[in-house]
Amino acid sequence: MRQDSVLPLVVTIAVQALVSLTSLAAPVMAPDAAATTGLAAGSVGIFVGVVYAAACLSSLCSGDLVNRYGPIRMSQVSLLLCAAGLAAAATGQPAMILAAAVLIGLGYGPVTPASSHILVRTTPPHRMGLTFSLKQTGVPLGGMLAGLMVPALIHGLGWQQTCLILAALCLGMAVLTQSIRALFDDDRDRARALNPRRALEPLGRLMRTPAMRDIGLCSFFFGAMQLCLTTFLVLYLTEVQHLTLAAAGSLLAIAQIAGVSGRLLWGWMADRFVAPRLLLGLLGIAMGGAGITFAMAAPGWPVPVFAAIALVFGASAIGWNGVFLAEVARLAPAGQAGSMTGASLFLTYSGVVVGPPAFAAIVRHSGSYGTAYLATGALLAAIGAFLIATRPRGGARAQPA
């Protein structure tokens with residue numbers, strides 16, 4: 001095990017940020033892309049759903065792939081797939097945009113299992129929560145870049161050229177990481193046979209382990225709420241509250257900044273003061289409350305009020321992941337952190353697949369974003385209460401039932 005954990009942390013954050021930027025740029029591009037493609041801006045919910053449906057599949061298969069080829073190689077493959085997806089989207093053709101969603105999703109799935117494989121080897125147990133939370137800041141960091149950088153690029157170059165610029169960034173990172181592959185892919189098993197039938201084994205182990213099963217299933221709803229926030233916030237603020245795209249993008253950036261800060265704070269608290277499951281329950285209640293507040297919002301509310309709601313929403317709905325992933329890694333059997341992370345993310349991404357289309361369906365049938373925010377907010381508050389009420393006592397490593 002390497003004692004220096006700074007380099008792997010920096011690398012995993014950078015890769016995660018770029019892949020996150022790739023997926024979260026779509027909602028910001030949606031209003032401009034709709035004008036040239038003929039697709040409704042709200043169909044971005046379908047795009048995001050397809051991205052995470054593909055991510056579900058690739059995350060389940062990632063354990064074997066990471067063990068066979070190494071976490072850096074799989075990170076490079078992820079970056080290349082995302083770059084290919086962006087290039088496909090840049091054509092502006094509806095069929096190619098659908099293909100782009102599949103490619104980006106296939107690239108998104110292996111990134112977190114690969115980073116968990118690296119970090120669990122280099123992180124002391126007493127710093128797991130903070131380290132995994134630091135790594136997961138790559139997700140809101142990518143969202144921050146989507147909220148601040150993408151609108152400026154679209155304004156100057158158009159959304160299609162913006163896609164190509166983001167693709168170039170992914171290609172550049174894939175090239176850069178080649179220089180450190182020997183350091184972090186040294187434990188790869190080149191003789192390991194790839195067997196698709198093994199893909200479901202980690203999911204079965206997770207479902208037989210009560211502590212992992214509970215937080216894994218709850219992550220289904222947390223993931224759904226997180227993507228509803230990042231997917232629909234800009235559309236909600238521009239179409240319902242009549243903010244400009246720049247102002248709405250800035251509020252998305254505030255939510256992402258709060259997500260970064262929250263991940264660090266929650267990870268630090270989980271290592272020292274608050275049991276991870278209890279903390280996850282409290283975050284569920286907080287994100288539920290923020291969603292209900294959005295449901296109550298009326299046109300004319302001051303922008304600082306929306307900024308405050310976005311801050312709480314981001315800190316909770318975007319800030320929970322590091323605590324969750326560190327707990328999965330802690331509970332996982334020795335040597336199985338990557339595969340168990342992939343299994344848990346299958347549940348998380350399944351929620352992401354269902355969440356945005358379900359949210360969009362509620363908006364479409366009710367004609368109101370408020371109804372959608374009220375329904376999802378109440379559900380998440382109930383999920384948070386469940387985690388708190390049913391939390392196990394003690395911190396021993398969980399065993400399958």
Side-chain angles (χ1 to χ4, degrees), residues 1-17 19-20 62-63 66 70-72 75 111-142 177 180 183-187 206 209 211-212 215-216 219 222 257-283 315-316 318-345 348 387 391-398:
M1 178 186 296
R2 284 178 278 286
Q3 299 303 314
D4 181 9
S5 60
V6 175
L7 179 59
L9 186 57
V10 170
V11 170
T12 54
I13 289 173
V15 173
Q16 184 74 70
V19 174
S20 175
S62 61
V66 168
I72 293 297
S75 296
V111 168
T112 299
S115 64
S116 292
H117 184 93
I118 294 172
L119 294 178
V120 80
R121 298 174 61 205
T122 59
T123 305
H126 66 279
R127 292 212 309 258
M128 291 281 282
L130 181 58
T131 299
F132 275 73
S133 294
L134 277 166
K135 179 263 166 185
Q136 283 302 112
T137 60
V139 176
L141 177 58
T177 53
I180 59 170
L183 289 175
F184 300 112
D185 284 1
D186 59 329
D187 65 336
L206 182 144
T209 307
M212 298 183 73
I215 63 172
S219 79
F222 282 26
I257 291 169
V260 172
S261 303
R263 290 184 186 209
L264 299 179
L265 177 60
W266 312 143
W268 177 74
M269 289 180 63
D271 282 341
R272 289 167 173 78
F273 304 114
V274 184
R277 181 171 174 137
L278 172 59
L279 184 54
L280 289 170
L282 293 171
L283 292 176
S316 53
I318 301 174
W320 62 278
N321 309 69
V323 175
F324 166 68
L325 291 171
E327 185 68 354
V328 169
R330 185 184 73 83
L331 295 171
Q336 297 183 30
S339 61
M340 297 308 290
T341 298
S344 66
L345 288 176
T348 308
L387 282 176
R391 68 188 187 277
R393 301 305 190 268
R397 183 178 293 271

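Computed from heavy atoms alone, side chains included, the values below leave out hydrogens, waters and symmetry copies. Residue numbers run from 1 in the order of the sequence given. For clarity, every value in this text was computed on a predicted model and none was experimentally measured.
- Annotation for S133 and V323: closest pair OG-N, 3.7 Å, computed over non-hydrogen atoms.
- A donor-acceptor distance shorter than 3.5 angstrom exists from the side chain of W266 to the backbone of A315, with no hydrogens or angles considered.
- Note that CZ of F132 and OG of S116 are 4.5 Å apart. Values are rounded to the nearest 0.5 Å.
- The structure places CG of L130 at 6.5 Å from CZ of R272, a figure rounded to the nearest 0.5 Å.
- The minimum heavy-atom distance linking M128 with V120 is given by the pair CE-CG2, 4.2 Å.
- Between E327 and R277, every side-chain heavy-atom pair lies at or beyond the 4.5 Å cut-off.
- Counting only heavy atoms from C-beta outward, the side chains of T348 and F222 never approach each other to under 4.5 Å.
- Separation of atoms OG1 (T341) and CG (L119) is listed at 10.0 Å; rounding is to 0.5 Å.
- The CZ atom of R121 sits 4.0 Å away from the CG atom of D187 when rounded to the nearest 0.5 Å.
- Interatomic distance, I215 CD1 to T209 OG1, rounded to the nearest 0.5 Å: 10.5 Å.
- Side-chain contact check for F324 versus L283: every heavy-atom pair is 4.5 Å or farther apart.
- In this structure, S344 has no side chain to side chain donor-acceptor pair (under 3.5 Å) partners at least two apart in sequence or on a different chain.
- Remark: side-chain polar atoms of R263 are not paired, donor with acceptor, to backbone N or O of N321 under 3.5 angstrom.
- Residue V260 comes nearest to L141 through the heavy atom pair CG2-N, 3.9 Å, listed as atom of the first residue, atom of the second, then distance.
- Looking at W268 and L264, their side chains never come closer than 4.5 Å, going by heavy atoms from C-beta outward.
- Side-chain N or O atoms of T12 include one that pairs as donor or acceptor with a backbone N or O of L9 at under 3.5 Å.
- Considering every non-hydrogen atom in both M269 and L279, the closest pair reads CB-CD2, 4.5 Å.
- Heavy-atom minimum distance, S20 versus G138: CB-O, 3.9 Å.
- Among all heavy-atom pairs drawn from A114 and S75, the shortest one is CB-OG, 3.9 Å.
- Here I72 contributes atom CD1 and I118 contributes atom CD1; the two are 4.0 Å apart, rounded to the nearest 0.5 Å.
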